[in-house]
Amino acid sequence: PLGEEIKVNDFVETKSVSDAYNKTLKRLRQLDDSRQQFVSNVSHELKTPITSIRVLADSLMSQEDVPVELYREFMGDISEEIDRESQIIEDLLTLVRMDKSSTELNVTQINVNDLLEATLKRLRPIAQQKNVELVLESFRPVLAELDKTKFTLAISNLVENAIKYNNQDGWVKVSLNADHKFFYVKVADNGIGIPEEAQEHVFERFYRVDKARSRAAGGTGLGLAITRSIVYSHHGAIKLYSRENEGTTFTVRIPLIYIA
Ligand code: ADP
């Protein structure tokens, strides 16, 4: 019937209608695929700590007299898995909230130099564990309209990664600059770097170059997805430059004035 209804159109128009239809259908299928993929990833990620907890608990329960040291060790492991599960849920909630209310930012005028200084101060103890030097270079004073909590989270994720994926005695340099339109925050490290083929995927939810390393460092694979979503909601852009075994630089660019 659809074909008959458009039979008055000439061939070119008929074709363009069906082209548009096919395009929309293709896009809907892609969206559905990525949704399904996301749900399946979420289920998998949430199940992993639960499976470990199950194994640890079963193993404790199946033994008659569990030596107290073993009991403590297993309970410690269970406690770690619970923390992990909580972290995944917390990150997921942040992401979902960002997706839903990307326009609902709680924007105030923020001194970005102060924000970065406070962020680095908070992360310094983590850097010290690996003897990683953490430096801030502020080239200009910057005042901008930002959601302080969210923007702090976006930058913290980048700095935490720069520490996590670094070597013992490495460095992380955070710099702030601006021109008449934008301000720029660069987070540079001399860590392990990101292989070229992985660079286009690192912002995807749950993508990690090295699962074991991410997990050992307490990662959930959601940090960069959250950061990008926060940057986008501030009408900004994020890019990365990286070379394996040399280091990585993420640059965040935010417009100094935008209409919310
Ligand atoms: P995770 O929780 O695994 O750190 P992210 O979304 O923050 O998840 O990062 C995704 C992946 O990108 C990480 O697992 C890591 O492989 C890679 N990555 C992120 N930042 C860096 C960095 N500064 N240096 C090297 N690799 C990085």
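Both ligands and their constituent atoms are indexed starting at 1 by order of listing.
Atoms of ligand 1 lying under 4.0 Å from at least one heavy atom of Tyr207, given by number and element, are 10 (C), 11 (C). Remark: ligand 1 atoms within the under-4.0 Å shell around heavy atoms of Gly223 are 5 (P), 6 (O), 7 (O). Atoms of ligand 1 lying under 4.0 Å from at least one heavy atom of Val209, given by number and element, are 14 (O), 16 (O). Contact atoms of ligand 1 toward Ser214: 1 (P), 2 (O), 3 (O), 14 (O) (distance under 4.0 Å to a heavy atom of the residue). Heavy-atom proximity to Thr220, at under 4.0 Å, picks out these atoms of ligand 1: 2 (O). The distance from ligand 1 to the heavy atoms of Gly221 drops below 4.0 Å at these ligand atoms: 1 (P), 2 (O), 3 (O), 6 (O), 8 (O).
One N or O on the side chain of Arg208 and one on the backbone of Thr220 form a donor-acceptor pair closer than 3.5 Å.
Atom 23 (N) of ligand 1 has its closest protein heavy atom at Asp189 OD2, 2.9 Å. Summary of contacts: the protein heavy atom closest to atom 26 (N) of ligand 1 is Ile194 CG1, 3.3 Å. For atom 12 (O) of ligand 1, the nearest non-hydrogen atom of the protein is Val202 CG1, 3.4 Å. Closest to atom 15 (C) of ligand 1, if we only count protein heavy atoms, is Tyr165 CZ, 3.6 Å.
Contact annotation for Lys164 and ligand 1: only side-chain heavy atoms (C-beta onward) come within less than 4.0 Å of the ligand.
Note: an N/O pair closer than 3.5 Å links Asn161 and ligand 1 by distance alone. Among the atoms of Leu224, some N or O lies under 3.5 angstrom from an N or O of ligand 1.
Side-chain atoms of Asn131 and Asp169 include a donor-acceptor pair closer than 3.5 Å. Side chain to side chain, Asp91 and Gln87 meet the donor-acceptor criterion of an N or O pair below 3.5 Å. The closest side-chain donor-acceptor pair between Thr152 and Arg122, if any, does not fall under 3.5 angstrom.
Residue contacts with ligand 1 include Gly193, since one of its heavy atoms falls under 4.0 Å from the ligand. The closest approach between a heavy atom of Asn157 and any atom of ligand 1 is not below 4.0 Å.
At a threshold of 4.5 Å between non-hydrogen side-chain atoms, the residues Arg140 and Asn177 count as touching.
Tyr165 and Val172 end up in different hydrophobic clusters when Ile, Leu, Val, Met, Phe, Trp and Tyr side chains are linked at under 4.5 Å. Connection of Met61 to Tyr71 is not established within any shared hydrophobic cluster, with ILVMFWY side chains joined at heavy-atom distances below 4.5 Å, either directly or through further cluster members.
Rounding to the nearest 0.5 angstrom, the gap separating the CG atom in Leu222 from the CG atom in Asn157 is 9.5 Å.
Figure legend: Arg253 and Phe182 shown as a cation-pi pair, the cationic atom lying under 6.0 angstrom from the six-membered ring centre and within 45 degrees of its axis.
Partner of Val159 under the side-chain contact (heavy atoms from CB on, under 4.5 Å) criterion, chosen from Leu134, Asp189, Leu116: Leu134.
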